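Keep in mind that the numbers below use all heavy atoms, side chains included, and drop hydrogens, waters and symmetry copies. These figures come from a predicted structure and were not determined experimentally. Residue numbers start from 1 in every chain, and the chains themselves are labelled A, B, ... in the order their sequence lines are given, proteins ahead of strands.
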Amino acid sequence: MSREPAEPAGRAELARGAFSLRTQVIAACAVLAVCGLLGAYGWTHFKVTNDIAHFLPDGQDAVTGRVLRALATSGLGQRMVLTLGGAKPEQLRAGSELIAKQLQASQDISEVQWSVDEAAQKAIYDLYFPRRYAFWSEQPERDYSAMLSDVGLQRSADRLLTKLGGPEGALIRRMAPEDPLLAFPRVLERLDAARQGGLRVRDGAFFSPDERYAVLFVQTHAPALDATAQRRVLTQIDAALEHARAALHVPFTLEKTGVGRYSVRAETAIRADVERISTLSTALLVALLLIVLRSFSAIVLTIVPSLIGALAASAVTLLVFGRLHGMTLAFGTTLIGVCSDYPVHLLSHHLLGPKGLNARKTVENVWPALRLGGLTTVAGMVGLGFAPFAGIRELALFSSVGVLASLFATRWSIPWFMGISGRGAPSQRALATQLGRAVGGLRERPKLSCALLAFALAVCAAGAFTLRFDDDLASWVPAPKDLREEDARVSQRLLAMDVGRMVVVSAPTLEQALQRNDQVAALLTKAATRGEVGGFKSLHALLWSEALQRQNVAALRAASDVSARASKAFETAGFEPEAIAPFARSLDREIAPLELADLLASPLAPIAGGFILETEPSYLIATHLRDVRDPAALVAALTSIPEARYFDQRELLTTTYAAFRARTLELVAAGLLAVFVMVLARYRAPRKALAAVAPAVLAAFSALSILSLCGVRLDLFHALGVLLVLSMGEDYGVFLVESEGTEGLAATVLGIVVACASTVISFGLLAMSTIPALRSLGQIVSLGVLLSMLFAPAGLTLLPRATRVDRGVA
Amino acid sequence: MLSWTCSVLRRLLIVMLLGLIAISVSAQPQSAPITTVDALLTQLSGLQGIRAKYVEEKKIAMLKRPLRSEGTVLFAAPGLLLRRVEQPEKSAMLLDGEVLKVSDASGVRTIELGESPIVRHFVLTFVYVLRGDRSALEKLYTLSFKALEGQGEGQGQAWQLELVPKQADLKRFVARAQLQGHGVIVDRMTLLEETGDSTVMQFSEVDPRVRFEPADRARLFRLKE
């Protein structure tokens, strides 16, 4: 730091020290041009993704990533289930119809299903009756040989006779001439079995099995996370309910499930939080900066570097990755936001420095500290650049670029507007002097400093035994109890499939995928019989692989003289000689296998399509599960089927984020080593390097420990917060070490206190958020930064005793 | 949403339920003479329960000989109906509200009647008959009541009620259903199909005064004996 004597602030000196208006205008234009260029690039290339796959380990499990991505982007999240209750079934049906018709007119809703689709009924007949023999058996060789033997045909004749005399006789009678072996009823029974359990149909309308609730399915156009659109849908549903109540004079009750409800509730909570917190935070920060810096222009100057940093980070990340991940944007900009410490530090020195100097001089004095602070922050994130998670690498690039850009923006953009130095008011100088002396006092009481550091170490040690992270995604976002209970009630009523639990097969071709899906269906049927799963819904109910269909047809054709033997068997049983002549003719007809394209072109497309998660670069077919009682047994059984795996979305996300969190902490630790090496290289003195870095480390982990000891459930956002604490804490340490023994110590301490106070205000208010993720970040950062400020002066104890200097400001 | 029945199945159910309707109205407490359809429906509305035996004969074109079966029927107001076939092979059919369950040698099947408006109409027909709702019945059928001369096997005025479907869908299946009885007892139900096939059910040993307590319902109205 400079030890130049203060110069008198005469007119000539002022004229010499300040930049001319012309220079300032040019500089302002240059800053605006840079911002404009970066902003223009970002604006024209802006693309945000929330793809969870970015936070999965590279190449470890591509299918896992694709499944998670498909689940996030598929229509599943856009589906809402409504149950209408509180009335007699006849009234519920009428209410359901009214609500459905009203919602069908909505621009935000793509589909409302409340009743049986007659077109689907016809489609089933048209698709499956001509192919009934292709869907006869899952083990065609065995079953066809038994069925088409003389004994088998005789049994078929007897069975048909029984059916004709039974309650289904009229139906059977119509199809018997062409289908005396009753292949089509067998297909219908299979389709029906796949539907049983969750839904009942009454007078054409969907009902819960106990008929106490009419059921509607609503598909929205907008994604589940589009809270604005989802809010409109919820409003429309409420309006439709009111309409039905008024029209029918029935006090209907309506409950629903759907991800969109959580989005709306979360958005409402976040908006309320953000409005409250940002208003309060802005007011307090402005007040703080006005008190300390006494200038609105100074406040603007503290914002400019962070703004340039964020714009540069966005532009470079978009250039490299082609898009920004939502988490990168949110967390990265927060991290870059802490770079406002740099202009605060610079302005503090400029205000309290020798009078009448050009800002360049102040910059020259504080630049080494700023540069080291900024570079160590970047070095701390270098480790993240080697993470096996694309998301972390992106975050590392974004933050590094942002911090560097902010650093250089501090160096090159704001000095033009800072005026001359030494304009600090007496009260500012008095405050800085007091703070400087307090730090100096601590410096001269090494026992107190050591006690403070020892206490921090003890807290870390105590916390290490209680440190537990909760990686359950559900705990990060608001999941109000009332919504969760409503979900549970609706699911219970419908025996719905478990959300996110499924078996997924993958294969390069559709046919291979269908073959594996056939195997999965057979396996799950056995698992259900053994009670390992409560039920499942599979594409297999609608579509078999072409191979299995062809095996069925081939087995039918392989039997010799079927029509003659069948005629004889049926005549013997009591049928007229020509009774099954159409059957004989039907045997000669070509049977084209049913293809996925046929289904997707039929009214059954919405159902069939729901099982296909992806078709490129390979096919992913899901089977949805209910009540998985023995996941381990299921996983073990699935090993027999190539590329078939069990997914529990919630568990998978929890595991994924746990790995992400653990790896982040590991890489932060590695980054710390890099920081220490860098600081060591700068000072060439281990104690000095330790004094700069150790307080921040102690502060970060003390904060984690304190929160843990207080019973706070730690999560990924606490871990990410550690990175922020270290970034800022290291800066404090570096600034103090750089200022140690110089006249600038008081200004440094003032800058640190202002920076710390602003951070504690911002993040402290965030800690009061109702959003768990924001609350976590707020807790760790506010506490960690406060501890950093307290520990940083104590860290100076590690330095060799310096020559005593006056800690005040002239 | 997928519907799991085809139109043919729907038609089957119509025919089947016509049979059920006929069975259900086959025995009623006897009171005032029944000379009009209103009188018949009024008395049927007092129905609490029925137990009867039946013999059914189906003439089907593709069979050399008619199919004959016999068994018992049980009805409990307002919507429980069990038909148990004893000969030639044991089977059972249970209607509970809008759910029909069938049990035979091939197993148990559940059929959702509500999946088709047509079938639903037939279920409602059953309800309409029991509660004497003539206007509802007339939405679906043309009713033709005729008081016959003399009395039936027991006491009461003999009568004949003919139901002719109004809707084209129903007409494609059922040409007409004819109920014959005396007093509040249906003795015979004839169902004629468009194809020429026919079903005749003859009822005997009708007990129209049965009251099924909840315990009886749980014990008797199930597929397995």
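- Around CZ of A/Arg212, the count of heavy atoms belonging to other residues, nucleotides or ligands within 6.0 Å does not exceed 12.
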(request) With side chain to side chain contact (heavy atoms under 4.5 Å, CB included) as the test, would you mind laying out the steps for A/Arg173 and B/Ile60 before giving the verdict? (result) CA-CA 8 Å; A/Arg173 211 175 306 158; B/Ile60 301 170; 3.5 Å; yes
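- The shortest heavy-atom contact between A/Leu164 and B/Lys58 is O-CD, 3.5 Å.
- Interatomic distance, CG of A/Asp158 versus CD of B/Glu89, reported as 7.5 Å (0.5 Å rounding).
- Atom NZ in B/Lys64 sits 7.0 Å away from atom CD in A/Glu576 (nearest 0.5 Å).
- B/Gln160 meets the side-chain hydrogen bond (donor to acceptor under 3.5 Å, both in side chains) test with B/Gln180; sequence neighbours excluded.
- In this structure, B/Met62 CE and A/Leu160 CG are separated by 5.5 Å, a value rounded to the nearest 0.5 Å.
- A 6.0 Å sphere centred on NZ of B/Lys166 holds more than 12 heavy atoms belonging to other residues, nucleotides or ligands.
- When heavy atoms are compared at a cutoff of 4.5 Å, A/Glu571 approaches chain B by way of both its backbone and its side chain.
- Here the shortest heavy-atom pairing between A/Gly574 and B/Arg65 reads CA-NH2, 4.0 Å.
- Few gaps surround CZ on A/Arg186; more than 12 heavy atoms of other groups in view lie less than 6.0 Å from it.
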